[in-house]
Protein chains: 2
Amino acid sequence: MELLKTGGIRPTLPRLAVAAKFFGNFNHPSAEDVWALVKAAYPGVSRATVYNTLELFAQKGLARRRALKGGRAVYDPVTERHHHLVDQATGRIYDIPWAAVRLPGNIALPDFEVEDYHLVILGRKKRGK
Amino acid sequence: MELLKTGGIRPTLPRLAVAAKFFGNFNHPSAEDVWALVKAAYPGVSRATVYNTLELFAQKGLARRRALKGGRAVYDPVTERHHHLVDQATGRIYDIPWAAVRLPGNIALPDFEVEDYHLVILGRKKRGK
DNA sequence: GTTCGTGCAAACGGTTTGCAACAAT
DNA sequence: ATTGTTGCAAACCGTTTGCACGAAC
């Protein structure tokens, strides 16, 4: 994965291991989740490195860290704007395409400088879908 | 505060202490924050009781538990619908009135049953305001 | 040789849990 | 008697940090 170079990240072996397990994982894994996956495939990688690497991805704009569930931070490999739905039954997080919801083009608040916004939707996945 | 009775909560002394410090606190305190306030005023109250009581408030619909910051859950005594702005500089959370943003009347997603939704806005408070 | 990256373990902070005592019904 | 509530401390879980070794420039 040489998109690491694009982000100005030296593609070391542990980082490639993290990237392999993280990018393309659309289940909004927590750092701990990613570590479990990495550890299974590449036992030598330490937890700290996984945490550091994910945070590095976030700083370089390759991922977003989100506070969507209590307690654990989740990382999102999708950097395009989108909304989130948190399934109240399972806790699973789903990406909702930006275009799926019609929103005012931009949000303006008198007292605040708005940098970004997204909808957090609470609901449940319809069974079977 | 006898809105506890309204919620079907037995108004014990520790719970009244928590209620006194929590309701009317619009700074989106974490459980730890509330405990610090309660402990200062009523030193006998244990941390577990504060945590239990806040969770009880949430279950009874007197408060909302929200995952807006990483790591710590915050409790919101405002139960009416509103949006949230997280100040990227300070981490402070502000309530944004529902009417401040024009949204589609209801959100419908084909695969999900939507129970609730709100905007999470990332921004910064304009200085002086 | 100075910086950067890594592994390991310990520390940390917030939250939850187990348990014994006690109050309410 | 049964249930609900409390305080205390310990356990727990995700995350961060300190440190020493090694690789890269």
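Here is how names work: the chains are called A, B, and so on, in the same order as the sequence lines, proteins then strands, and each is numbered from 1. Everything numeric here is computed off the predicted structure, so don't read it as measured data.
When the C1' atom of D/dA24 is taken as reference, atom CD1 of A/Ile9 falls 17 Å away, rounded to whole Å. Rounded to an integer number of Å, the gap from CD of B/Glu55 to C1' of D/dG4 is 17 Å. When rounded to the nearest whole Å, the span between OH of B/Tyr42 and P of D/dT5 equals 19 Å. One interatomic measurement links the two molecules: CG of B/Asp33 to C1' of C/dG13, which rounds to 12 Å at whole-angstrom precision. What separates CZ of A/Arg47 from P of C/dG7 is a distance of 13 Å, to the nearest Å. One atom, NZ of B/Lys69, and another, P of D/dT15, lie 17 Å apart when rounded to the nearest Å. Taking atom CG of A/Leu54 as the reference point, atom P of C/dT6 lies 12 Å away to the nearest angstrom. A/Arg66 has its CZ atom 16 Å from the P atom of D/dT15, to the nearest Å.
At the phosphate of C/dT15, OP1 or OP2 sits under 4.0 Å from a side-chain N or O atom of B/Tyr51. For B/Thr12 and D/dG4, the shortest distance from a side-chain N or O to OP1 or OP2 is not below 4.0 Å.
Between B/Phe57 and B/Tyr75, the distance separating the two ring centers is not shorter than 6.0 angstrom.
Listed candidates were C/dT15, D/dC25, D/dG14. Nearest to the side chain of A/Arg10 is D/dC25. Across C/dT16, D/dT15, D/dT6, the shortest atom-to-atom separation from the side chain of B/Pro14 is found for D/dT6. Minimum atom distance to the side chain of B/Arg72 is reached by C/dT15, of the listed C/dT15, D/dG14, C/dC8. Closest approach to the A/Ala48 side chain among D/dT17, D/dT15, C/dG14 is made by D/dT17 (side chain taken as heavy atoms from C-beta onward). Checking C/dT15, D/dT17, D/dT15 against every side-chain atom of A/Ala73, the shortest atom distance belongs to D/dT15.
Note: B/His83 NE2 to B/Tyr117 OH = 7.5 Å, rounded to the nearest 0.5 Å.
Using modelled atom types, one finds a donor on one side chain and an acceptor on the other under 3.5 Å when comparing B/Ser30 with B/Asp33. Checked by atom type, the side-chain pair B/His28/B/Asp95 shows a donor-acceptor distance below 3.5 Å.
Nearest-nucleotide positions on DNA chain C for A/Pro43 and A/Leu56 put A/Leu56 closer to the 5' end.
In this structure, B/Gly70 reaches neither bases nor backbone, as no heavy-atom distance under 4.0 Å exists between it and the strands shown. Residue A/Arg15 is classed as a sugar-phosphate contact, given heavy-atom separations below 4.0 Å to backbone atoms only.
Checking A/Arg65, A/Arg64, A/Lys60, A/Arg15 one by one against A/Glu55, the salt bridge (charged side-chain N to carboxylate O under 4.0 Å, His left out) holds for a single residue, A/Arg65.
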